[in-house]
Amino acid sequence: MRIFHLSDLHIGKQLHYYSLKENQQAVLFQIVNLAKKRRPDVILLCGDIFDRSVPSGEAYTIFDEFLQSLSKIRPQIPVLVIAGNHDSAQRLNYASSFLEKHQIYVSAMAPIEEGEYLKKVVLKDEHGAVNFYLLPFLKPGYVRHLFEEGVVTDYESAVREILNREQVDYRERNVLLSHQFYTNQGEKPETCDSETSVITVGGLDNIDVSVIERFDYAALGHIHGAQMVKLPHIRYSGTPLKYSVSEEFHNKAITLVTLGAKQEEVEITSIPLKPIQEVRRERGLLKEIIGRGTQENCHDFISVTLTDEKEPYRPKEQLEEVYDFILELRVDNTRTRNILESKEEEHILLHPMEAFRAFYQEMQHQPMNGEEEGIVASILDQWGGEEI
Ligand SMILES: [Mn+2]
């Protein structure tokens with residue numbers, strides 16, 4: 001069975017105030033064409049379909065067109081979709097039973113009630129059945145009530161318990177779709193700047209990969225750089241486009257997974273995706289950077305660092321005569337380095353609980369009591385986790 005694994009489309013995302021509409025449409029169009037050409041048996045979209053929980057009309061239209069084009073391919077290719085932390089479960093769930101008629105299976109919400117289980121889609125190939133388990137993004141607070149008190153204490157126990165109650169038959173072939181932060185014995189996957197929501201101090205949302213190791217393939221979303229976690233069959237596909245300058249050297253691609261018979265090692269290939277605009281850095285003297293501009297690269301999104309000791313007059317205006325899309329402009333010379341050294345400010349990313357504790361202390365001139373801590377903790381627990 002051949003699987004297209006994709007995640008983190010983030011439809012509607014902007015890059016430093018520039019719309020990525022055309023880039024996103026173009027890359028989705030490429031994916032459709034690659035699906036026509038390579039004929040996968042199934043396409044997986046592993047969360048963060050949209051960039052915001054309230055997507056714009058335009059973002060909806062882009063996703064609609066994508067699903068429509070995919071569903072027109074004959075013979076039909078099933079599309080399996082889970083919600084990520086950026087998606088609104090209710091919104092993504094909209095018309096999901098209607099979509100199933102077109103072999104588009106959406107799972108946006110973790111089980112809420114006793115008798116509810118994960119959405120499971122069974123597909124068949126020459127070796128028999130493959131069970132796809134659709135696990136949408138979840139927080140411990142979403143599912144805690146399904147278990148006895150004290151069983152679900154963190155993200156790891158939440159996912160472990162939710163999977164345990166599925167009673168997966170590991171003698172069969174099973175594929176998991178999941179959108180969480182998986183680590184290998186505390187060792188974190190490589191992250192980048194466009195994942196605003198994945199890093200919390202203290203690793204509260206870490207889930208050890210052992211929880212999902214027994215699946216024959218784990219198709220993951222959440223981390224924006226393609227990579228495996230510990231084992232070749234546990235994998236983040238990464239985003240289809242570069243969503244931050246820090247991804248300058250990422251090779252964005254569709255992960256093509258070939259699943260053979262049970263026990264056979266999965267085969268992994270990348271099918272490169274080509275953006276219509278590159279995202280990259282330019283560093284050097286203003287004169288040099290302007291000199292490097294060509295017909296081919298002048299439409300790229302660029303982040304510029306000027307190293308001129310004598311700061312040029314109106315550098316942005318001069319750069320704009322050559323480059324159309326300047327994301328940011330920085331100066332790195334003796335003057336700016338001295339300023340930085342004198343400040344020596346340390347920016348520490350605090351967990352929301354720690355941040356609130358510090359805020360409370362500053363406002364009230366005393367620490368929170370146990371009851372207050374409990375209230376804040378339960379609010380954070382329920383909090384959707386959407387980042388700005
Ligand atoms: Mn994401």
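For ligands, and for the atoms within them, numbers begin at 1 and follow the listed sequence. By convention here, the first residue in the shown sequence is residue 1.
Within D8, the N/O/S atom positioned nearest the Mn ion (ligand 1) carries the name OD2.
For Y323 and H299, the side-chain atoms include no donor-acceptor pair closer than 3.5 Å. For H224 and S194, the side-chain atoms include at least one donor-acceptor pair closer than 3.5 Å.
Within the 6.0 Å centre-distance limit, the rings of F50 and Y60 are counted as a close aromatic pair.
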### Message
Q14 vs S19, test: side-chain hydrogen bond (donor to acceptor under 3.5 Å, both in side chains). Steps then yes/no.
### Response
CA-CA 5 Å; Q14 297 192 323; S19 163; 5.7 Å; no
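Put simply, H222 stays out of reach of the Mn ion (ligand 1), with no N, O or S atom under 2.8 Å from it. Contact annotation: E195 places no N, O or S atom under 2.8 Å from the Mn ion (ligand 1).
With the Mn ion (ligand 1) as vertex, D48 OD2 and H224 NE2 subtend 170°, rounded to 10°.
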